[in-house]
Amino acid sequence: MKFGVVVFPGSNCDEDMVYALRDIMRQQVVKLWHKNTSLEGCDMVILPGGFSYGDYLRSGAIARFSPIMTEVVNHAQKGGYVLGICNGFQILAETGLVPGALIRNINLQFICDNQYIKPANNTLINRTMQKDTAYKIPIAHGDGRYYIDSEGLKKITDNEQIIFKYCDENGDITYNSNPNGSLLHIAGVCNTGRNVFGMMPHPERAIDPDLGNTDGRLIFESIIEQVLVSE
């Protein structure tokens with residue numbers, strides 16, 4: 001499987017993602033500069049975390065106009081896989097590839113911490129994860145509060161597009177387990193075609209055994225195993 005990691009000015013999690021995919025998961029991976037007009041035959045495109053274009057205007061608002069995003073949109077519309085993490089999720093939302101928006105954290109502060117999440121609905125990226133199990137995946141964002149209007153919320157709920165929710169270490173969804181005030185504790189969603197995925201937590205930061213946490217590895221295993229089966 002070939003992964004492409006898009007690099008925007010201000011990206012700072014691209015090397016973490018390349019390391020996770022290449023050195024830990026042993027996958028083929030290339031870096032795609034934001035001015036590129038080719039995805040180089042990648043099966044899955046990943047928009048990593050960081051501060052694309054310095055988060056001017058709002059997070060992801062400028063990155064959506066990068067030349068590479070025309071190719072990413074075309075790839076997604078043809079059924080190709082796309083995963084946006086943190087700032088990548090914000091870019092996907094700005095582009096309209098996933099529903100909703102990521103707005104300022106409810107406490108108006110940047111949050112960098114270990115956070116528990118659990119799968120909400122079965123998708124490509126969480127098939128190997130147990131639905132009622134809490135997984136520890138780091139977060140680092142200032143604009144991570146998921147918001148969507150009531151009509152949109154009903155739609156993504158009915159269509160089972162919510163893929164992760166914030167929870168506590170026991171898997172319980174409580175007021176204190178929602179770090180940023182997201183609606184329904186939403187930590188990740190997918191599109192209606194179930195081939196584009198956005199999530200705020202960073203699985204690439206929970207994959208190396210030397211860091212004492214490999215919960216994020218399950219997300220990459222879910223992707224690789226399912227795509228290989230479909231081939």
Side-chain angles (χ1 to χ4, degrees), residues 5-17 20 34 46-66 68-69 72 82-118 120 125 134-149 152-153 156 162-169 173-190 196-207 211 213 215-216 219:
V5 178
V6 178
V7 182
F8 301 96
S11 295
N12 66 6
C13 299
D14 48 310
E15 288 295 341
D16 291 348
M17 183 59 69
H34 71 118
I46 297 183
L47 308 182
F51 305 91
S52 59
Y53 296 92
D55 279 348
Y56 290 114
L57 299 183
R58 61 181 178 273
S59 300
I62 299 178
R64 63 167 295 191
F65 295 107
S66 290
I68 194 69
M69 288 306 298
V72 173
V82 180
L83 170 62
I85 295 173
C86 198
N87 188 228
F89 186 8
Q90 296 162 344
I91 296 170
L92 290 179
E94 288 285 337
T95 309
L97 286 176
V98 294
L102 285 309
I103 61 177
R104 194 68 177 164
N105 295 344
I106 197 167
N107 63 2
L108 304 181
Q109 296 180 354
F110 187 90
I111 302 172
C112 183
D113 202 358
N114 283 315
Q115 173 65 43
Y116 289 94
I117 63 172
K118 67 178 183 178
I125 71 171
Y135 297 91
K136 187 166 64 174
I137 310 289
I139 58 172
H141 57 251
D143 299 292
R145 177 159 53 119
Y146 185 81
Y147 176 80
I148 193 169
D149 62 26
L153 185 61
I156 65 172
I162 302 171
I163 53 179
F164 290 113
K165 288 191 174 186
Y166 298 112
C167 64
D168 64 19
E169 60 183 354
I173 293 177
T174 67
Y175 176 82
N176 290 328
S177 68
N178 189 341
N180 50 36
S182 290
L183 284 178
L184 296 185
H185 287 66
I186 293 173
V189 299
C190 67
V196 181
F197 312 90
M199 60 183 294
M200 288 309 296
H202 288 267
E204 78 281 5
R205 297 183 182 179
I207 191 171
L211 299 179
N213 180 12
D215 283 359
I219 291 174

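This one's a predicted model, so the numbers in the text were calculated from it and none came from an experiment. Quick note: residue numbers are just sequence positions, from 1.
Looking only at side-chain heavy atoms (C-beta outward), Pro48 and Ile85 stay at 4.5 Å or farther from each other. Side-chain contact between Met200 and Gln90 is present, with at least one heavy-atom pair separated by less than 4.5 Å. Looking at His202 and Asp16, their side chains never come closer than 4.5 Å, going by heavy atoms from C-beta outward. Within the 4.5 Å cutoff, the side chain of Phe164 has heavy atoms near those of the Ile219 side chain. In this structure the side chain of Ile156 reaches within 4.5 angstrom of the side chain of Ile186, judged on heavy atoms. Between Asn87 and Asn12 the shortest side-chain heavy-atom distance does not fall below 4.5 Å. Contact of the Leu102 side chain with the Tyr146 side chain is registered, since non-hydrogen atoms from C-beta on lie closer than 4.5 Å. The closest side-chain heavy-atom distance from Asn176 to Asp168 is not below 4.5 Å.
A distance of 8.5 Å separates CZ in Phe65 from OG1 in Thr95, rounded to the nearest 0.5 Å. Remark: Leu83 CG to Ile125 CD1 distance equals 5.5 Å, nearest 0.5 Å. Here OG of Ser11 is found 11.0 Å from CE of Met17. Values are rounded to the nearest 0.5 Å. Atom CD of Gln109 sits about 9.0 Å away from atom CZ of Arg104, to the nearest 0.5 Å. The structure places CG of Leu47 at 5.0 Å from CG of Leu92, a figure rounded to the nearest 0.5 Å. To the nearest 0.5 angstrom, Glu169 atom CD is 13.5 Å from Lys118 atom NZ.
A donor-acceptor pair is defined here as one N or O able to donate and one able to accept, closer than 3.5 Å; no such pair exists between the side chain of Arg64 and the backbone of Ile91. Put simply, the side chain of Gln115 gets close to the backbone of Ser177: a donor and an acceptor are under 3.5 Å apart. Of the possible polar contacts, one joining the His185 side chain to the Thr174 backbone as a donor-acceptor pair under 3.5 Å is found. Without hydrogens or angle criteria, Asp215 side chain to Lys136 main chain gives a donor-acceptor distance under 3.5 Å.
The aromatic rings of Tyr53 and Phe8 sit tilted, their planes meeting at an angle between 30° and 60°.
For Ser182 and Asn180, the side-chain atoms include at least one donor-acceptor pair closer than 3.5 Å. The closest side-chain donor-acceptor pair between Asp143 and Ser59 falls under 3.5 angstrom.
Closest approach of Val98 and Gly198 over heavy atoms only: CG1-N, 4.4 Å. Contact detail for Ile137 and Pro203: the closest heavy-atom pair is CG2-N, 3.6 Å. Nearest heavy atom pair, residue Ala120 against residue Lys165, reads CB-CG, 4.3 Å. For the pair Cys167 and Ile117, the tightest heavy-atom approach, listed with the atom from each and the gap, is SG-C, 3.6 Å. Scanning all heavy atoms of the two residues, the minimum distance from Arg145 to Gly181 falls at CD-O, 3.3 Å. What you find for Ile111 and Pro179 is that their closest heavy atoms are CD1-O, 2.9 Å.
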Open item on the list: Could you go through Val6 and Met69, starting from their C-alpha distance and side-chain angles, then the distance that decides it, and tell me whether this counts as side chain to side chain contact (heavy atoms under 4.5 Å, CB included)?
Closed with: CA-CA 9 Å; Val6 178; Met69 288 306 298; 5.7 Å; no
Task: Steps toward side chain to side chain contact (heavy atoms under 4.5 Å, CB included) verdict (Val72, Leu97) - done: CA-CA 10 Å; Val72 173; Leu97 286 176; 4.3 Å; yes
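Enclosure of atom CZ in Phe110 by more than 12 non-hydrogen atoms of other residues, nucleotides or ligands within 6.0 angstrom is indicated.
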